[in-house]
Amino acid sequence: MRIGELARRTGVSERSLRYYEEQGLLTPRRRPSGYRVYGDADVAAVRRIRILLGAGLNTAQILEILPCIVDEDGWLTPECPELVDALRQQRNRIDEAIGELETTRANLDTIIGSEKAAVSRGTRPPS
DNA sequence: CTTCTAACA
DNA sequence: TGTTAGCA
């Protein structure tokens with residue numbers, strides 16, 4: 001199939017598919033015309049890529065752990081320790097990000113009169 | 001009509 | 001990432 005069909009079957013834009021290729025995540029073959037040719041396996045590959053991107057990983061990280069993923073029942077199964085490790089690190093980053101957001105939110109509550117700040121300050125009775 | 005590359009009011 | 005121009 002060509003890029004248009006893969007895009008329709010995955011819901012991913014052609015632009016993104018070409019970008020994934022540029023990042024080494026996809027390696028479609030080319031027709032003499034230069035048109036990219038994808039196989040059915042690429043549909044599953046794109047889905048895996050989307051899931052990983054959704055987990056907050058960037059294309060470089062995905063490129064490293066992609067071979068560690070076992071294509072099983074449409075879900076991802078950590079096959080080698082590298083993947084589990086990369087996922088753990090990503091989880092930790094999220095915790096750190098959450099922590100920073102919580103403090104900046106607290107800072108905002110302090111300088112403006114947000115609902116929560118008002119309640120905790122007792123200036124307005126909780127409903 | 002579809003895809004390709006390159007570039008950005 | 002979207003979008004668009006100019007080709008093939």
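If you're wondering where the values come from, they're calculated on a predicted model, not measured in any experiment. These values consider heavy atoms only, across backbone and side chains, with no hydrogens, waters or symmetry-generated copies. Lettering of chains follows the sequences in order, A, B, ..., and the numbering in each one begins at 1.
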Shortest non-hydrogen pair, A:L57 vs A:Q61, comes out as CA-NE2, 3.1 Å
For chain A and DNA chain B, what are the first and last nucleotides along the strand, 5' to 3', with at least one atom under 4.0 angstrom from a heavy atom of the protein chain? B:dT2 to B:dA7
Between A:L63 and A:Q23, does a side chain to side chain contact (heavy atoms under 4.5 Å, CB included) hold up when you go through it step by step? CA-CA 8 Å; A:L63 182 59; A:Q23 301 304 297; over 6 Å; no
Acceptor/donor pairs from residues 36-44 of chain A side chains to any protein atom, 3.5 angstrom cut, sequence neighbours excluded:
| residue | atom | partner | partner atom | Å |
| --- | --- | --- | --- | --- |
| A:R36 | NH1 | A:E21 | OE1 | 2.6 |
| A:D42 | OD2 | A:G39 | N | 2.8 |

With sequence neighbours left out, the residues meeting side-chain contact (heavy atoms from CB on, under 4.5 Å) with A:R50 are A:V12, A:Y20, A:V46
side-chain hydrogen bond (donor to acceptor under 3.5 Å, both in side chains) against A:T27, all qualifying residues, sequence neighbours excluded: none
With sequence neighbours excluded, residues passing salt bridge (charged side-chain N to carboxylate O under 4.0 Å, His left out) with A:R91: A:D95
Would you check, one step at a time, whether the test side chain to side chain contact (heavy atoms under 4.5 Å, CB included) holds for A:T59 with A:I49? CA-CA 8 Å; A:T59 54; A:I49 292 171; over 6 Å; no
For atom CZ of A:R30, decide whether the heavy atoms of other residues, nucleotides or ligands shown that lie under 6.0 angstrom number more than 12. yes
Tabulate atom names and distances for all N/O pairs under 3.5 angstrom spanning the protein and nucleotides 1-4 of chain C.
| residue | atom | partner | partner atom | Å |
| --- | --- | --- | --- | --- |
| C:dT1 | OP2 | A:R50 | NH1 | 3.4 |
| C:dT1 | O5' | A:S16 | OG | 3.4 |
| C:dG2 | OP2 | A:S13 | OG | 2.8 |
| C:dG2 | N7 | A:R15 | NE | 3.3 |
| C:dG2 | O6 | A:R15 | NH2 | 2.7 |
| C:dT3 | O4 | A:R15 | NE | 2.9 |

Per-residue pairing states of DNA chain B in dot-bracket (Watson-Crick or G-U under 3.5 Å; . unpaired, | other strand) read .|.|||||.
Any residue meeting side-chain hydrogen bond (donor to acceptor under 3.5 Å, both in side chains) with A:N58, in chain and number order, not counting sequence neighbours: none
Who are the salt bridge (charged side-chain N to carboxylate O under 4.0 Å, His left out) partners of A:R47, not counting sequence neighbours? none
Check side-chain hydrogen bond (donor to acceptor under 3.5 Å, both in side chains) between A:R9 and all other residues, then give those that pass, not counting sequence neighbours. A:E5
By a strict heavy-atom criterion of less than 4.0 Å, which residues belonging to residues 21-35 of chain A are in contact with DNA chain B? A:R30, A:G34, A:Y35
Listed partners of A:Q90 passing side-chain hydrogen bond (donor to acceptor under 3.5 Å, both in side chains), at least two apart: none
